[in-house]
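Just so you know, residue 1 is the first one in the sequence shown, and it goes up from there. As the structure is a computational prediction, the values presented were derived from the model and not from experiment.
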Amino acid sequence: MVKLRGAAVLAAAALALAACGSGSESPSPAQSNQPRTLKLWHYESKDSAMAKAWAEAIKKFEASHPNVTVKFEEKGFEQIQKTASMVLNSDEAPDIMEYNKGNATAGLLSKQGLLTNLSEEVTKRGWDKLLPGGLQTTAKYDDRGVMGAGNWYGVPNYGEFVMVYYNKDLFDKHKVKVPTTFEELTAGLDTFVKAGVTPIASAGAEYPAQQIFYQLALTKAQKPWLEAFQSYKGKVDFHGPEFTYGADAFADWVKKGYMAKNSAGLKAEDMGVAFMNGKFPIMISGSWWYGRVASTIKDFEWGHFLFPGATMSPGSSGNLWVVPENSKNKDLAYDFIDITMSKDIQNLLGNSGGVPVAADPAAITDAKSKELIESFNKLTAADGLAFYPDWPAPGYYDVLVAGIQNLINGSKTPSAVLDEIAKPYEDNLADIGN
């Protein structure tokens, strides 16, 4: 497992790789003049920075490959999460797809032999030069499916992290200042509750709520604990101070009214739309929302800040472009990845509210985008990307959804929920021989 060394490499990768080339601004033409089709799947909403950049990449690809048509299909995150192994083991597999990074997802598929080893192509096209150090961690997997070493099975072309989005108008109305400490954060949440306002938009049926639980645990965590949990370098005590605090504090936040009890059944889209409609002062979620938030919100001022009281937050390189082993057009898939790594697409990604890995710093002119990248650089300078709580074990995402829903509903005690999430983790350690 490669340690994240964000201070030097990730911060630089976000904006300071202007001197690096993309490997090929003009991809090589398809080897045959016969009509061909590149089947591409991703799950980014059309208003997101990634979707905007990739839509332009499709145009550039088709222009440079006149005999090729891109057949794009938008899938749901949950849909791909649950069916990837089955679909990629069939003749319905796409030629290239976005897939979640981590041991439980890309790592598992690589171990199952469902993903193409991209190592030779990565070196040939120079993608490794654009993705130094920590950004490579989630792209490489060993024969156990553990990230950080081994062969390249994916290529990320952006970075991401979890932050606190806030409605400036509601903060001003209730005289709440942007918090710089955890105590100031909870004092602000109390102010909103006393005014009859539920402060945090959340969603327990999908990833948002479990990421809040994990963020709370991270306020008590240090790097050795993170490496033990994510990289199996040491034993994790699920009743130790980190997870105990995360579960207790999360349950307490629900009881205090910081999050709505009906959020147990809500999905990420419900949360995001509610925040963008001005119904909540706060949304704790990822940078993948940033471009959509920027283009959608017209009726109030908004901003963001890093979660106070923690040196680490959920985050990593972005999701991966993977090429299924059953892809019928691997050469075209490689050409498409190359275009997404080009300066034009990286600059567009950066100016659309994304965190590019190979943009020209001078080309990022959008003020909001600059703020986002500054926060990413600040987090990585502190070596603060803590990956995501569902990564360590296959199927762990659903385990966490169920556990956090129990915290929201109050149907299980925090201690019982920690028992519930400990067993699958420990079973996985036994399966991989740790």
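- Counting only heavy atoms from C-beta outward, the side chains of Leu332 and Asp95 never approach each other to under 4.5 Å.
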Open item on the list: With side chain to side chain donor-acceptor pair (under 3.5 Å) as the criterion, how do Glu62 and Thr69 come out once you've worked through the C-alpha distance, each side chain's angles and the decisive distance to 0.1 Å?
Closed with: CA-CA 6 Å; Glu62 290 186 329; Thr69 300; 5.0 Å; no
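- Using a 4.5 Å heavy-atom cutoff, the side chains of Ile339 and Ile58 are not in contact.
- The closest side-chain heavy-atom distance from Ile364 to Ile373 is below 4.5 Å.
- Between Trp225 and Tyr214, the ring planes are tilted. Angles from 30° to 60° get that label.
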TODO: Walk me through it: do Glu420 and Lys412 pass the test salt bridge (charged side-chain N to carboxylate O under 4.0 Å, His left out)?
DONE: CA-CA 10 Å; Glu420 184 180 318; Lys412 288 189 177 180; 2.7 Å; yes
Task: Chi angles and distances behind the side chain to side chain contact (heavy atoms under 4.5 Å, CB included) call for Met259, Ile200 - done: CA-CA 5 Å; Met259 292 176 281; Ile200 302 174; 3.8 Å; yes
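- At most 12 heavy atoms of other shown residues, nucleotides or ligands fall within 6.0 angstrom of atom CD in Glu301.
- Panel note: side chain Asp142, backbone Gly148; no donor-acceptor pair is recorded below 3.5 Å.
- For the atom pair Asp360 CG and Lys343 NZ, the distance stands at 7.0 Å (nearest 0.5 Å).
- Salt bridge annotation for Asp335-Arg125: present, with a cationic side-chain nitrogen under 4.0 angstrom from a carboxylate oxygen.
- With no hydrogens or angles considered, a side-chain donor-acceptor pair links Thr138 and Ser317 at under 3.5 Å.
- Pairing each heavy atom of Pro208 with each of Met271, the nearest pair is CB-SD, 3.6 Å.
- In this pair, Tyr425 and Tyr396 present their aromatic rings tilted. The plane angle is within the 30 to 60° band.
- With hydrogens and angles ignored, the 3.5 Å screen pairs no side-chain donor or acceptor of Thr116 with any backbone N or O of Leu118.
- Using a 4.0 Å cut-off between a side-chain N of Lys or Arg and a carboxylate O of Asp or Glu, Asp383 and Lys223 qualify as a salt bridge.
- Heavy-atom contacts from other residues, nucleotides or ligands closer than 6.0 Å to NZ of Lys168 number more than 12.
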- [ ] Kindly indicate, with the supporting measurements, whether the criterion side chain to side chain donor-acceptor pair (under 3.5 Å) is fulfilled by Ser411 and Asn406.
- [x] CA-CA 5 Å; Ser411 53; Asn406 286 328; 2.9 Å; yes
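- Glu242 places no side-chain N or O within 3.5 Å of a backbone atom of Leu218 that could act as its donor or acceptor partner.
- Taking the ring centroids of Tyr258 and Phe192, they lie at or beyond the 6.0 Å cut-off.
- Residues Val322 and Met97 are in side-chain contact: their nearest non-hydrogen atoms beyond the backbone lie under 4.5 Å apart.
- For the pair Glu44 and Lys75, the salt-bridge criterion is not met [side-chain N within less than 4.0 Å of a carboxylate O].
- A heavy-atom distance below 4.5 Å is found between the side chains of Val162 and Ile284.
- To the nearest 0.5 Å, atoms CH2 (Trp152) and OG (Ser119) are separated by 8.0 Å.
- A cation-pi arrangement is absent between Lys71 and Trp41 under the rule of less than 6.0 angstrom and at most 45 degrees off the ring axis.
- Below 30°, between 30° and 60°, or above 60°: for His304 and Tyr290 the angle between ring planes is above 60°, a perpendicular geometry.
- When all heavy atoms of Thr365 and Asn351 are compared, the pair lying nearest together is N-OD1, 2.8 Å.
- A donor-acceptor pair is defined here as one N or O able to donate and one able to accept, closer than 3.5 Å; such a pair exists between the side chain of Thr340 and the backbone of Ile337.
- For Ser285 and Gln211, the side-chain atoms include no donor-acceptor pair closer than 3.5 Å.
- Taking all atoms of both residues into account, the shortest heavy-atom contact from Thr219 to Leu216 is OG1-O, 2.6 Å.
- Within 6.0 Å of the NZ atom in Lys267, the count of heavy atoms belonging to other residues, nucleotides or ligands does not exceed 12.
- The distance from atom OG1 of Thr123 to atom NZ of Lys129, rounded to the nearest 0.5 Å, is 7.0 Å.
- Between Trp54 and Phe61, the gap from one ring centroid to the other reaches at least 6.0 Å.
- The two residues Ile408 and Lys261 come nearest to each other via the heavy atoms CG2-O, 3.4 Å.
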Task: Trace of the side chain to side chain donor-acceptor pair (under 3.5 Å) decision for Thr180 with Glu184 - done: CA-CA 7 Å; Thr180 58; Glu184 288 177 357; 2.9 Å; yes
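- The aromatic rings of His42 and Trp321 lie perpendicular to each other, with more than 60° between the two planes, well past the 30° mark.
- With contacts defined as side-chain heavy-atom distances shorter than 4.5 Å, the pair Asp344/Lys60 qualifies.
- The two residues Ser287 and Tyr165 make their nearest non-hydrogen contact at CA-OH, 3.6 Å.
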TODO: Starting from the C-alpha separation in whole Å, work towards a yes-or-no answer on salt bridge (charged side-chain N to carboxylate O under 4.0 Å, His left out) for Glu269 and Arg292.
DONE: CA-CA 12 Å; Glu269 180 71 7; Arg292 185 176 173 190; 2.7 Å; yes
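- Of the possible donor and acceptor atoms, one in the side chain of Thr380 sits under 3.5 Å from a partner among the backbone N and O of Asn377.
- A heavy-atom distance below 4.5 Å is not found between the side chains of Pro281 and Val176.
- Residues Asp248 and Pro414 are in side-chain contact: their nearest non-hydrogen atoms beyond the backbone lie under 4.5 Å apart.
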Task: Derivation of the side chain to side chain contact (heavy atoms under 4.5 Å, CB included) call for Leu131 and Val357 - done: CA-CA 7 Å; Leu131 297 165; Val357 296; 4.0 Å; yes
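- Checked against the 6.0 Å centroid criterion, the rings of Phe243 and Phe229 qualify as a close aromatic pair.
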- [ ] Begin from the C-alpha positions of Lys256 and Asp252 and carry the test salt bridge (charged side-chain N to carboxylate O under 4.0 Å, His left out) through to its verdict.
- [x] CA-CA 6 Å; Lys256 288 181 174 177; Asp252 188 51; 3.2 Å; yes
Open item on the list: Assess the residue pair Trp127 and Asn157 against the criterion (side chain to side chain donor-acceptor pair (under 3.5 Å)); give the C-alpha distance rounded to whole Å, side-chain angles, the decisive distance to 0.1 Å, and a yes or no.
Closed with: CA-CA 9 Å; Trp127 297 333; Asn157 73 337; over 6 Å; no
TODO: Show your working on side chain to side chain contact (heavy atoms under 4.5 Å, CB included) between Tyr141 and Leu109 and close with a plain yes or no.
DONE: CA-CA 10 Å; Tyr141 297 87; Leu109 294 191; over 6 Å; no
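- Nearest heavy-atom pair, Ser375 versus Phe161, reported as atom, atom and distance to 0.1 Å: CB-CZ, 3.8 Å.
- From Thr105, atom OG1 reaches atom CG of Asn100 across 4.5 Å, with rounding to the nearest 0.5 Å.
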Open item on the list: Does Leu379 form a side chain to side chain contact (heavy atoms under 4.5 Å, CB included) with Leu385? I'd like the steps, not just the answer.
Closed with: CA-CA 7 Å; Leu379 186 62; Leu385 295 178; 3.6 Å; yes
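- Of the possible polar contacts, none joining the Glu160 side chain to the Gly318 backbone as a donor-acceptor pair under 3.5 Å is found.
- Between Trp288 and Tyr388, the ring planes are tilted. Angles from 30° to 60° get that label.
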